[in-house]
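Worksheet for the structure shown next.
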2 protein chains.
Amino acid sequence: MSSGNFKQELFSQFARVGKALGNANRLELLEFLAQGERGVEALAQVSSLSVANTSQHLQHLKQAGLVIGRKQGQQVLYRLAGDDVIALLDSLRRVAEQRLADVDRLVAQYLREKDSLEPVPATELLERARNGTVTVLDVRPAEEFAAGHLPGAINIPLAELEAHLNHFQLNEQVVAYCRGPYCVLAYDAVSRLREYGFKARRLEDGYPEWQLAGLPVERGS
Amino acid sequence: MSSGNFKQELFSQFARVGKALGNANRLELLEFLAQGERGVEALAQVSSLSVANTSQHLQHLKQAGLVIGRKQGQQVLYRLAGDDVIALLDSLRRVAEQRLADVDRLVAQYLREKDSLEPVPATELLERARNGTVTVLDVRPAEEFAAGHLPGAINIPLAELEAHLNHFQLNEQVVAYCRGPYCVLAYDAVSRLREYGFKARRLEDGYPEWQLAGLPVERGS
DNA sequence: ATTATATTCAATAAATCAATTGAATAATTT
DNA sequence: AAATTATTCAATTGATTTATTGAATATAAT
């Protein structure tokens, strides 16, 4: 094999990973899997894809080495192959948000209207949590919370927010987080809590980025 | 715009970056640009693509926000948009090399035959360079060397290696580096130098990764 | 003004990709 | 053993991507 052929072959392999990331549906599936392992039907449901289509995309991701599946009875439970996949997704998102005007425009018109406050960096939240001067709110569904969450976080899905306002105190800050920096649920939670007079803000990242940074996490309900 | 539409739109934008990385030729172009800015004809030449094809790929990369072009006379000089692009390429390559059996197989059969020694980590090279106990060899073409290189490195393109053996001493280690971890030139250089009895090894990364790590660099010849 | 050079654009054909539909496979339940 | 459930596979269709070819555009040289 010549040097030129070798390089072409090598870059073709690298391109396989790029191709796997070149589809919006697969990126969304990866974000769901970043919260914890899940079966095909569950993934189809949260991403509004057919089961067959979801399965095809998962095969593609698997061939690219980004996810791993394990059998559990009739189900195949998929999970991300490793933290390096989260790092790759994080890196791709940073480049896109930094350099694509359309990303900025989308975020401005859809999210920043809801919450234009500066998000709280992870390190600052960690500091405040240690001082016991903040309530950490996880607005993801219960099974994602169970798979892993920030220490001391309370889990209130958005639909039940008003039924659990007793968790919050008017003189204490609330920091809400979700699946990633652009998860609408966190924005909505902050928006509504602020309407009730609570000092609410968003965490800068989602749970996967927190975990990737090596920060402490808890599991279970 | 509904929440679902927003997410789809956002992931579609992220997918644009993924698509840009889903082609072997574009990945190679990005690796060349990671060594310094270059014109279309020069890029076409080193990548063995037609000028029209190269230009098309560069337009694609530009639309994805990965490269920037500036006019200089008749030429358009392209460069990477920023260090975050190098970080993204690094991340993608790490995932591929970690999780694709084909990558390992290719490297084993084509590169590890030439040089199966453990590469030298950047931090170790920095330490040795400070002690003055190592010769740093850059085997890239002169214009890439001029655009940026490791401090104190000497530049000997591979074709001229034998004509410059006086640069090396038998009792001192030589560390060779190139465009990236899989650049054949560094492997060849190490292989040949070892044939002449020199204590040669490869640097773990290429110049772009060294620079991304914030390590000191020099410019000019 | 004309020619040369470098780059980009547009049209085309071939290859690849994504979603759908229905079939096939595997595991579990009845 | 048969039926149900969960997943994957295969074929098809339409959309997208890539390389090629020739034309168009912009800049520089003559």
Side-chain angles (χ1 to χ4, degrees), chain A residues 4-5 8-9 11-30 32-33 37-64 66-79 143, chain B residues 4-5 7-9 11-30 32-33 37-79 143:
Chain A
N5 275 1
Q8 262 303 309
E9 274 297 316
F11 279 119
S12 288
Q13 292 304 316
F14 295 167
R16 282 171 68 196
V17 177
K19 281 175 200 268
L21 303 176
N23 175 270
N25 290 328
R26 288 198 289 276
L27 288 178
E28 190 174 29
L29 289 172
L30 288 172
F32 285 124
L33 291 174
E37 79 175 351
R38 203 123 35 151
V40 182
E41 275 202 6
L43 285 166
Q45 196 161 14
V46 291
S47 54
S48 302
L49 298 173
S50 73
V51 172
N53 199 13
T54 301
S55 181
Q56 268 181 186
H57 283 304
L58 287 168
Q59 295 311 310
H60 194 150
L61 291 172
K62 192 173 154 193
Q63 296 292 332
L66 299 179
V67 306
I68 296 170
R70 73 178 172 94
K71 262 298 210 163
Q72 195 189 58
Q74 283 178 279
Q75 281 195 314
V76 179
L77 296 181
Y78 284 94
R79 68 181 190 275
E143 66 270 27
Chain B
N5 275 359
K7 276 187 73 178
Q8 261 304 310
E9 274 297 316
F11 280 119
S12 289
Q13 292 304 315
F14 295 165
R16 283 172 66 197
V17 177
K19 283 177 200 270
L21 303 175
N23 176 270
N25 290 328
R26 287 199 289 278
L27 287 178
E28 189 173 29
L29 289 173
L30 289 171
F32 284 125
L33 291 174
E37 78 175 350
R38 203 125 34 152
V40 182
E41 274 202 7
L43 285 167
Q45 197 161 12
V46 290
S47 56
S48 302
L49 298 173
S50 71
V51 171
N53 199 13
T54 300
S55 180
Q56 265 182 188
H57 283 303
L58 288 167
Q59 295 312 309
H60 195 150
L61 292 172
K62 191 172 152 190
Q63 296 294 330
L66 300 179
V67 306
I68 296 171
R70 73 178 172 93
K71 256 317 202 149
Q72 195 188 59
Q74 284 178 279
Q75 282 193 313
V76 179
L77 297 180
Y78 285 93
R79 69 181 190 276
E143 69 270 26

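Naming convention: chains lettered A, B, ... in sequence-line order (proteins, then strands); numbering from 1 in each chain.
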Margin query: Both A:Gly22 and A:Gly73 contact DNA chain C. Taking the nearest nucleotide for each, which residue is further toward the 5' end?
Written below: A:Gly22
For [X] and [N], what is the distance between atoms [atom1] and [atom2] respectively, to the nearest whole Å?
X       : N      : atom1 : atom2 : value
A:Leu49 : C:dT21 : CG    : P     : 14 Å
B:Gln63 : D:dT17 : CD    : C1'   : 15 Å
B:Leu21 : D:dT17 : CG    : P     : 14 Å

Checklist line | Phosphate contact (D:dT17 OP1 or OP2) by B:His57 side-chain N/O below 4.0 Å | finding: no
Next item on the list: If a pair satisfies salt bridge (Lys or Arg N to Asp or Glu O under 4.0 Å) and one of its residues is in residues 52-65 of chain B, list it, with sequence neighbours excluded.
Entry: none
Notebook entry, point to check: Roughly how far, to the nearest 0.5 Å, is the OG1 atom of B:Thr54 from the OH atom of B:Tyr78?
Noted result: 10.5 Å
Check: How long is the gap from CG on A:Leu29 to CZ on B:Phe11, to the nearest 0.5 Å?
Finding: 9.0 Å
Next item on the list: Return the set of residues passing side chain to side chain contact (heavy atoms under 4.5 Å, CB included) with A:Ile68 (not counting sequence neighbours), or none when no residue passes.
Entry: A:Arg79, A:Ala81
Dump the pairs, protein N or O against N or O of nucleotides 11-17 of chain C, anything under 3.5 Å, distances to one decimal.
unit_1, atom_1, unit_2, atom_2, d
C:dC17, OP1, A:Lys19, NZ, 3.2

Margin query: One character per nucleotide, please: for nucleotides 3-8 of chain D, 5' to 3', B when the base has a protein heavy atom closer than 4.0 Å, S when only the sugar-phosphate does, - otherwise.
Written below: --BSBB
Checklist line | Residue list, salt bridge (charged side-chain N to carboxylate O under 4.0 Å, His left out) with B:Lys7, at least two apart or on another chain | finding: A:Glu28
Next item on the list: State, with a plain yes or no, whether a side-chain heavy atom of A:Arg26 is found less than 4.5 Å away from one of A:Leu21.
Entry: no
Notebook entry, point to check: Between A:Asn23 and A:Leu61, is any pair of side-chain heavy atoms under 4.5 Å apart?
Noted result: no
Acceptor/donor pairs from residues 45-53 of chain A side chains to any protein atom, 3.5 angstrom cut, sequence neighbours excluded:
unit_1, atom_1, unit_2, atom_2, d
A:Ser47, OG, A:Leu43, O, 2.4
A:Ser50, OG, A:Asn53, N, 3.0

